[in-house]
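Input: a single structure, listed below in structure tokens.
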Amino acid sequence: MSPPSFFAESSTMQNQGQGIAPVRVKDLLSAAAPLGRVLVRGWVRTVRDHKDFAFVEVNDGSCLKNLQVVADAPSAAYDTAAALSTGAAVEVAGDMVASPGKGQDWELRAETVVLVGACPENYPLQKKRHSDEFLRSIAHLRPRTNKYGALFRIRSAMAMAIHQFLGERGFLWVHTPIITSSDCEGAGELFEVRAGSRGEDFFGKPAYLTVSGQLAVEMFCLSLGNVYTFGPAFRAEDSNTSRHAAEFWMVEPEIAFGDLAQDMDLAEALVRHLAETVLTDLAEDLSVFTRFVDKTLEATLATVAREPFARISYTEAVDILSRAMAKFQFPVEWGRDLQSEHERFLTEVHFKKPVIVHDWPLSIKPFYMRVNDDEKTVAAMDVLVPRVGEIVGGSQREERLGVLLSRMESLGMNPEDYGWYVDSRRFGSVPHAGFGLGFERLLMLVTGVTNIRDVVPYPRTPGSIEF
RNA sequence: UCCCCAGUAGCUCAGUCGGCAGAGCAGGUGGCUGUUAACCACCGUGUCCGUGGUUCGAGUCCGCGCUGGGGAGCCA
């Protein structure tokens, strides 16, 4: 049972419970023994009223299950309960007793039922399945459904698990800036930031929303040791797909004195740990997705969590794809980037589990990735997972000043624009490596949800910022 | 940004060859002694996405636009 509510004593809300501390439904339903007189607050999912009694299903968001409230007639509690409608907010006080009916262990025998907030008949959520498209149009109400309640509890738990996993391994969380000045971090179009009437004058130079905290966090890696960022990133790309959003969250660990092998080890350990966490700690919420979204989800997650990822070089990947009998729309040729269909073939058809592809052609990767001895490839790696595709992208960073400068030069970049970044290679440079894990793509992996818009509370995509 | 598909009641959808706008669910009313997305009976529901055109007549055919979805590119 969780600790008593912080608000138990200080609540200003007038309730009928005569000072009883409110209890969350999750704690009530998991109780081993009767809890006596309790107070519950939540939202009505459905009402079944009969002549002599009424059942009210109350959900307070703490867990998937509803609490069954029973009100006997004749009583004021019955009159209020029978008149409740789906969506109404209620406060119920009564005795927690073993349920004589089937389907639940406990139920709340209501002494008082208070209508906290009424809900009229034009409430959009009904006691039936709705399409994801419809629920997306009422994003402010969809967390009241079973599926999205479970989704956002899982989202919170995954974020917590990431902090815990990295924290336990000595990684420090660095809050890199949301507003940046570098206009060429090597990834995508930028959103420009303006300050009302002062415009660009506010910072004295153009400012943008960050596309990645990597360059900034590298500096802290070279001072604090192992570090990570975990926060929002923004891309102004006109991407209209189920896997892209203009605002999304990324986890970006950076390993001091680390190489590509350690980078792959950490990425694999993190993804496997998160899959295991969902399977073991979030089984109830996960069941929604196994039942209604993807019947094979648990098997897929078990494979992710418990089998080592395949690891192949880019050159080997090209070899496998060239020999594959599958017909690809796009040609496979050393030096070209892998297409979605190629990624899916590797992870879904060939290996049937997550695959790490490492050592990519230098010509298709950004300036900060470490050049290998062959001078044709860089120490980069992508983690590909079934259904989602690329979930992690990372590399060992180029720590040699001369090599970094010549890479920037050959890409037409001006090192003076990155003075602070280049400085780090001048003053006590060390090998280091890191990666970015797309948080929403991780959520798609662990829930089976196929549209990124459905794992974000209020999704932002081109032409869409309704909420 | 490109290709494809869709838009009809609050929701999910049917609507034949161009000829009076339909069903289920939700909602309302009543009934029901333990229900589980309860059940039974009865009741209401429309800018057929918008706009222009073809036609005696358009939900239906054609053009344009908007919105949503699927796929591609880019990427996390």
Side-chain angles (χ1 to χ4, degrees), chain A residues 45-57 65-73 81-83 85-87 97 99-104 107 109 119-138 141 145-146 185-189 211-214 232-252 267 292 328-330 337-344 364-366 382-385 388-394 435-445 450-456 461-464 466:
Chain A
R45 283 297 178 75
T46 177
V47 178
R48 297 180 290 273
D49 72 295
H50 302 248
K51 195 167 106 185
D52 296 322
F53 43 82
F55 296 101
V56 183
E57 299 268 345
K65 291 199 181 93
N66 304 323
L67 174 68
Q68 174 163 288
V69 171
V70 191
D72 288 311
S85 55
T86 300
V97 300
S99 176
K102 292 170 188 165
Q104 62 280 318
E107 65 184 25
R109 193 152 282 271
C119 190
E121 66 185 67
N122 59 356
Y123 183 55
L125 291 174
Q126 299 168 10
K127 294 182 281 189
K128 60 169 233 174
R129 285 195 74 185
H130 289 287
S131 67
D132 291 324
E133 289 81 5
F134 172 68
L135 292 171
R136 217 171 283 152
S137 73
I138 51 167
L141 294 174
T145 64
N146 286 339
E185 290 180 14
E189 296 282 317
V211 295
S212 159
Q214 181 204 314
F234 307 86
R235 306 275 167 92
E237 224 95 76
D238 194 9
S239 299
N240 290 288
T241 80
S242 55
R243 292 182 292 288
H244 293 83
E247 178 178 335
F248 63 100
W249 280 54
M250 237 187 334
V251 186
E252 297 177 281
F292 298 115
F328 296 118
Q329 193 183 340
F330 292 89
D337 210 348
L338 298 187
Q339 306 292 318
S340 295
E341 59 178 349
H342 305 144
E343 294 177 355
R344 278 203 304 273
I364 58 171
K365 290 294 183 182
D382 282 358
V383 179
L384 312 177
V385 297
V388 179
E390 184 182 346
I391 196 171
V392 167
F435 62 84
L437 166 69
F439 187 53
E440 282 75 14
R441 289 189 180 175
L442 170 83
L443 292 172
M444 293 167 75
L445 172 69
T450 53
N451 194 315
I452 196 169
R453 286 170 265 248
D454 295 334
V455 299
V456 180
T461 51
S464 176
E466 190 62 34

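All values below were derived from every heavy atom in this structure, side-chain atoms included, with hydrogens, water molecules and symmetry-related copies excluded. To find a chain, count down the sequence lines: A is the first, B the second, and so on, and within it residues start at 1.
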message: For A:Lys102, is there any backbone N or O sitting under 3.5 Å from a side-chain donor or acceptor partner on A:Gln104?
response: yes

message: As a test of reading the structure: which of B:U36, B:G69, B:C75 is closest to the side chain of A:Glu343, going by heavy atoms?
response: B:C75

Nearest-neighbour nucleotide for the A:Ser340 side chain, B:C75, B:A37, B:G34 considered: B:C75

query: Which nucleotides of nucleotides 39-47 of chain B have their base under 4.0 Å from a protein heavy atom (B), which only their sugar-phosphate (S), and which neither (-), written as one string 5' to 3'?
result: ---------

query: When only distance counts, do a donor and an acceptor, one from the side chain of A:Glu133 and one from the base of B:U12, lie under 3.5 Å apart?
result: no

- request: Report the nucleotide, chosen from B:U35, B:C75, B:A72, that has the shortest atom-to-atom distance to any side-chain atom of A:Phe330.
  value: B:A72

task: Could you tell me whether A:Pro124 contacts a base, only the sugar-phosphate backbone, or nothing, with contacts defined as non-hydrogen atoms closer than 4.0 Å?
output: nothing

message: Need one value for A:Gln339: base, sugar-phosphate or nothing, where a base atom within 4.0 Å counts as base even if backbone is also close, heavy atoms only.
response: sugar-phosphate

task: Mark yes or no for a side-chain to base donor-acceptor pair under 3.5 Å between A:Ser239 and B:C74, with no hydrogen or angle criteria applied.
output: yes

task: Would you mind reading off the distance between A:Phe134 atom CZ and B:U67 atom P, rounded to a whole angstrom?
output: 19 Å

- prompt: Should B:A21 form a Watson-Crick or G-U wobble pair with both distances under 3.5 Å, which nucleotide is its partner?
  reply: none

- prompt: What is the base-pairing partner of B:C74, counting Watson-Crick and G-U wobble geometry with both distances under 3.5 Å?
  reply: none

message: Strictly under 4.0 angstrom, non-hydrogen atoms only: write out the protein contact profile of nucleotides 24-29 of chain B, one letter per nucleotide from the 5' end, B, S or -.
response: BSSS--

message: According to a cutoff of under 5.5 Å between the ring centres and under 30° between the ring planes, does A:Phe248 stack with the base of B:A76?
response: yes

message: Base of B:C11, side chain of A:His130 - is there a donor-acceptor contact under 3.5 Å?
response: no

task: May I ask you to evaluate whether A:Ser131 reaches the phosphate of B:U12, defined as a side-chain N or O under 4.0 Å from OP1 or OP2?
output: yes

- prompt: Is a donor-acceptor pair below 3.5 Å formed from side chain A:Arg441 to base B:C75, judging by atom type as modelled?
  reply: yes

